[in-house]
Amino acid sequence: MAIPVARHNLRVTELLDPVLDWYDANARDLPWRSASATPWSVMVSEFMLQQTPVSRVLPVHEAWLERWPTPADLAAEPTGEAVRAWGRLGYPRRALRLHAAAAAIVADHGGEVPDSYDDLIALPGVGDYTAAAIATFAYGKRHVVLDTNVRRVFARTLSGVEFPSQSVNKAERELAANVLPHDEPTAATWSVAVMELGALICTAAKPSCSRCPVADLCAWRAAGHPAYDGPPRKVQTWAGTDRQCRGRLLAVLRDADSPVHRTRLDAVWPDETQRDRALASLLKDALVVKTGPETYALP
DNA sequence: CATTCGTGGCT
DNA sequence: TAGCCAAGAAT
């Protein structure tokens, strides 16, 4: 293990300057990266960006911060307003968790987004990635930030394979820790720069190696771009799933300004058994409330 | 460790 | 066209 680590350290020494220079010249001007962005703005962006492309997050993030400039502003409103404002970003439970996190921040942290990883990861909807990202991007702390982009860039440049394993393992985490620059500000810039490289150049489907600042250092490229040979990557189905049904039902309630009769929900999904199951799960998740014998609404 | 949980753009 | 993919978390 000592030899690979030493080799990786050597390689990141070579990667560091080209990646930082590339980021300096090519970084997107995103609102949560602006000098005036608050920790709350960063936190909102991280929730919205979980499994959701930047282009779709941008307008919702802007409206969200205008309406709720602080955690206290959001916490003061009903959870259903968060679900409504979430719009069609997908995974609406994230809206509930963001609301719950805002309430916890008001209750336990004086209304200020905490700056420590331990306090952050204790918040609803905040896992390892999001805690590290908020601590790093909002407060400039030094943490291993492992998202899908970073994992793919390291898999290719350092490990010489097209895609990382399905879940983060210990060796991968140690590798990322070993290539993290030592001082805080450089570590933070390194993390966002590697992430940006993965998002813009070292993409999953069609990497633009010709525009990559570290193409000549990339282990995967040096090996001749060997095809992925791991276990088949999961492809989630959509048509006909409970998730599609839940989405249809919730969209009806989101677009209504008053409680909706059951018959309007019946109209958007033909299969009664599945529809009932989906509605029950939405009620269980507290994304929907029953307001009368046959009426439903956002909470 | 494997599943579940939205949505829309792109190839 | 039918996948494939996008700054994951909770269970």
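Each chain gets a letter, A, B and so on, in the order its sequence line appears, and its residues count up from 1.
Salt-bridge formation is not detected for the pair A:D73/A:R67: no Lys NZ or Arg NE/NH1/NH2 atom is positioned less than 4.0 Å from an Asp or Glu carboxylate oxygen.
Whole-Å rounding puts the A:Q50 CD to B:dG6 C1' distance at 13 Å. The CZ atom of A:R246 sits 10 Å away from the P atom of B:dT7 (whole-angstrom rounding). The distance between atom CG of A:L282 and atom C1' of B:dT4, rounded to the nearest whole Å, is 13 Å. Separating the CH2 atom of A:W238 from the P atom of B:dT4 is a distance of 14 Å, rounded to the nearest angstrom. The distance from atom CZ of A:R88 to atom P of B:dT7 is 5 Å, rounded to the nearest whole Å. One interatomic measurement links the two molecules: CZ of A:R243 to C1' of B:dG6, which rounds to 6 Å at whole-angstrom precision. Remark: C1' of B:dT7 and CD of A:Q244 are 10 Å apart, rounded to the nearest angstrom. In this structure, A:R248 atom CZ and B:dC5 atom P are separated by 16 Å, rounded to whole Å.
Using a 4.0 Å heavy-atom distance criterion, A:T241 is classed as making no nucleic acid contact. Backbone-only engagement by A:V126 is indicated by non-hydrogen atom pairs under 4.0 Å involving sugar-phosphate atoms exclusively. Among the protein residues, A:R277 comes within range of no part of the nucleic acid, since none of its heavy atoms lies under 4.0 Å from any strand. Here A:L89 lies in heavy-atom contact (under 4.0 Å) with a base. A:A133 comes within contact range of no nucleotide atom at all, as no heavy-atom separation falls under 4.0 Å. A:D128 comes within 4.0 angstrom of the backbone, heavy atoms only, and of no base. As judged by a 4.0 angstrom heavy-atom cut-off over every strand, A:S45 is placed among residues making no nucleic acid contact. Residue contacts for A:I134: at a heavy-atom cut-off of 4.0 Å it reaches no nucleic acid atom on any strand shown. Within the nucleic acid shown, A:W86 has no heavy atom closer than 4.0 Å to any nucleic acid atom. Among the protein residues, A:R152 comes within range of the sugar-phosphate backbone only, with heavy atoms under 4.0 Å from sugar or phosphate atoms but none that close to a base.
Here the CG-OH distance, from A:L287 to A:Y296, works out to 15.0 Å after rounding to the nearest 0.5 Å.
Of the two residues contacting DNA chain B, namely A:Q166 and A:Q51, the nearest-nucleotide position lying further toward the 5' end is that of A:Q166. Each of A:R56 and A:G127 was matched to the nucleotide of DNA chain C holding its nearest heavy atom; the match closer to the 5' end belongs to A:R56. Each of A:S167 and A:G90 was matched to the nucleotide of DNA chain B holding its nearest heavy atom; the match closer to the 5' end belongs to A:S167. The residue among A:L123 and A:L49 whose nearest nucleotide of DNA chain C lies closer to the 5′ end is A:L49.
To the nearest whole angstrom, the two P atoms, one in B:dT11 and one in C:dA7, are 16 Å apart. Comparing the same atom, P, in B:dG8 and in C:dA9 gives a spacing of 23 Å after rounding to whole Å.
With hydrogens and angles ignored, no donor-acceptor pair closer than 3.5 Å exists between the side chain of A:S55 and the base of B:dG9.
Sorted by first and then second residue, the salt bridge (charged side-chain N to carboxylate O under 4.0 Å, His left out) pairs involving residues 104-114 of chain A (not counting sequence neighbours) form an empty list.
Side-chain contact of A:Y91 with A:R243: a donor-acceptor pair under 3.5 Å is present, judged by distance alone.
Under the side chain to side chain contact (heavy atoms under 4.5 Å, CB included) rule, A:V194 has a single partner from A:V150, A:V214, A:L20, which is A:V150.
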Checklist entry - Checking salt bridge (charged side-chain N to carboxylate O under 4.0 Å, His left out) for the pair A:E196/A:R33: CA distance, chi angles, key distance, verdict? => result CA-CA 12 Å; A:E196 190 78 336; A:R33 287 182 187 161; 2.7 Å; yes
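For the pair A:R94 (side chain) and A:W86 (backbone), a donor-acceptor distance under 3.5 Å is absent.
By the 30° and 60° cut-offs, the orientation of the rings of A:F163 relative to A:Y228 is perpendicular.
A 4.0 Å heavy-atom criterion places the boundary nucleotides of DNA chain C facing chain A at C:dG3 to C:dA10, written 5' to 3'.
Under a cut-off of 6.0 angstrom, the local environment of CD in A:E294 is crowded, with over 12 non-hydrogen atoms contributed by other residues, nucleotides or ligands.
OP1 or OP2 of B:dC5 has not a single side-chain nitrogen or oxygen of A:R94 nearer than 4.0 Å.
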